[in-house]
Asker: 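One structure, as structure tokens, below. Some questions next.
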Amino acid sequence: MNYLWKKAISILLILTLGGVMMFGLSGCGGTKYKVDYCGQKDCYSNAKDSYRAGQTVTLYYELIATDTDYSFYLDGKSIKFNYNEKKGYEIMFVMPQHDVTLECRMENSMVYHPDPEDPDDRVMLVDYYTAVVGTDGCDHYTEKVLYEYSDEQAELTVYSKYDGEDETSESYLVPYEAVEKCYEIIRDNKLGEWNDKYDTPIDGAVTAVRYREDDGSYIRVSTDAMPDGGEGIMDSIGGVMNGYLKDEYKIEE
């Protein structure tokens, strides 16, 4: 009798343990949920369509432009991320028990944002920007901008910043011919067609030109999409501006 009783208990324990294991395999821990990458799945390294609930998801966003600011949102909420020099932006989150949406938002750091406290917001006409990035403590940028001022003059402001230092700026009132010379280069070299025709990004440095069209819209071209010799063409616009950085035009603060 004792033998039969012990055998029955053993069988019951085996059946109970098996049921627990089956429950664990079929419960929430084993269920996978989908990730909607907002059409950018290919931009993330090793991105999968779905993950198990509770799983730590680690992704790397690799396609990074030097003149663009990035932020990431999970189901509309901002999430923190780190930068890995070899792999790009590192995004980590724990997969919840539901499908999620991962969104990368990008903003061009060259976009002109008028100062809301300035009642005389300047109209930007031509912007020349160059930067060196990815160096050991030597990253820097220089930006030269021609603004509307009058029929005969334009305001030329030069911004610059080096690693660990504050941005500096100097302004000049220059003859309007400076604007006309820049637009002559823009028209002669058909800068407005570059973005549709070329895709030749370079690493470690960026040069860009942004200019105002007659209808008030803006076109931006850069070393991310340019023909052979395109960087030299953009530099020639910066060279025109350099020719007017004279003490006689400088606006004293």
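Note that the structure is predicted; figures quoted are calculated from it, not measured.
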Asker: Can you tell me if Tyr37 and Asp42 form a side-chain donor-acceptor pair at under 3.5 Å?
Answerer: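 No.
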
Asker: Determine whether the aromatic ring centres of Tyr89 and Tyr70 lie less than 6.0 Å apart.
Answerer: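 Between Tyr70 and Tyr89, which both carry aromatic rings, the centre distance is below 6.0 Å.
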
Asker: Say you draw a straight line from CD1 of Ile219 to CG of Asn195; how long is it, rounded to the nearest 0.5 Å?
Answerer: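 If we round to the nearest 0.5 Å, Ile219:CD1 and Asn195:CG are 8.0 Å apart.
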
Asker: Check for a donor-acceptor pair, side chain of Asn189 on one end and backbone N or O of Leu191 on the other, with a separation under 3.5 Å.
Answerer: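 Side chain of Asn189 to backbone of Leu191, a donor-acceptor pair under 3.5 Å: no, none is there.
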
Asker: Should Leu245 and Met241 be counted in the same cluster of Ile, Leu, Val, Met, Phe, Trp and Tyr side chains packed under 4.5 Å apart?
Answerer: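 Linked within one cluster.
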
Asker: Has Ser150 got a side-chain atom pairing as donor or acceptor with Gln153's backbone, closer than 3.5 angstrom?
Answerer: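 Yes, because the side chain of Ser150 sits within donor-acceptor range (under 3.5 Å) of the backbone of Gln153.
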
Asker: Assess, by modelled atom type and distance only, whether the side chains of Glu143 and Tyr141 contain a donor and an acceptor separated by less than 3.5 Å.
Answerer: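 Their side chains do not contain a donor-acceptor pair, so the 3.5 Å distance test is not met.
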
Asker: Mind checking whether Phe72 and Tyr61 have parallel, tilted or perpendicular rings, split at 30° and 60°?
Answerer: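 Plane angle over 60°, so perpendicular.
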
Asker: Would you check if there is a donor-acceptor pair between the side chains of Arg122 and Thr157 at a distance under 3.5 Å?
Answerer: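 Note: Thr157 and Arg122 side chains meet the donor-acceptor criterion.
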
Asker: Does Thr101 offer a backbone N or O that forms a donor-acceptor pair with the side chain of Asp75 under 3.5 Å?
Answerer: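 Yes, because the side chain of Asp75 sits within donor-acceptor range (under 3.5 Å) of the backbone of Thr101.
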
Asker: With sequence neighbours left out, what residues match Glu180 under salt bridge (charged side-chain N to carboxylate O under 4.0 Å, His left out)?
Answerer: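 Applying salt bridge (charged side-chain N to carboxylate O under 4.0 Å, His left out) to Glu180 gives none.
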
Asker: Do you know which two heavy atoms are closest between Asn46 and Tyr51, and how far apart they sit?
Answerer: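 Heavy atoms of Asn46 and Tyr51 come nearest at O-OH, 3.7 Å.
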
Asker: Check the pair Ser160, Thr168 against side chain to side chain donor-acceptor pair (under 3.5 Å), reporting the backbone distance first and the verdict last.
Answerer: CA-CA 5 Å; Ser160 59; Thr168 61; 2.9 Å; yes

Asker: Tyr183 side chain to Leu125 main-chain N or O, any donor-acceptor pair under 3.5 Å?
Answerer: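 Judged by distance alone, yes, a pair lies under 3.5 Å.
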
Asker: Determine whether a donor-acceptor pair (N or O, by modelled atom type, separation under 3.5 Å) exists between the side chain of Asp127 and the backbone of Val145.
Answerer: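 Checked: no pair found.
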
Asker: Do the side-chain N and O atoms of Lys181 and Tyr176 include a donor-acceptor pair separated by under 3.5 angstrom?
Answerer: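 Tyr176 and Lys181 do not have a side-chain donor-acceptor pair below 3.5 Å.
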
Asker: Using distance alone, with no hydrogens and no angle criterion, decide if Glu170 and Tyr159 have a side-chain donor and acceptor under 3.5 Å apart.
Answerer: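 No, no side-chain donor-acceptor pair sits under 3.5 Å.
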
Asker: Under the rule for ring-ring contact (aromatic ring centres under 6.0 Å, His included), what residues qualify as partners of Tyr60, not counting sequence neighbours?
Answerer: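 Testing Tyr60 for ring-ring contact (aromatic ring centres under 6.0 Å, His included), a comparison that skips the adjacent residues, returns none.
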
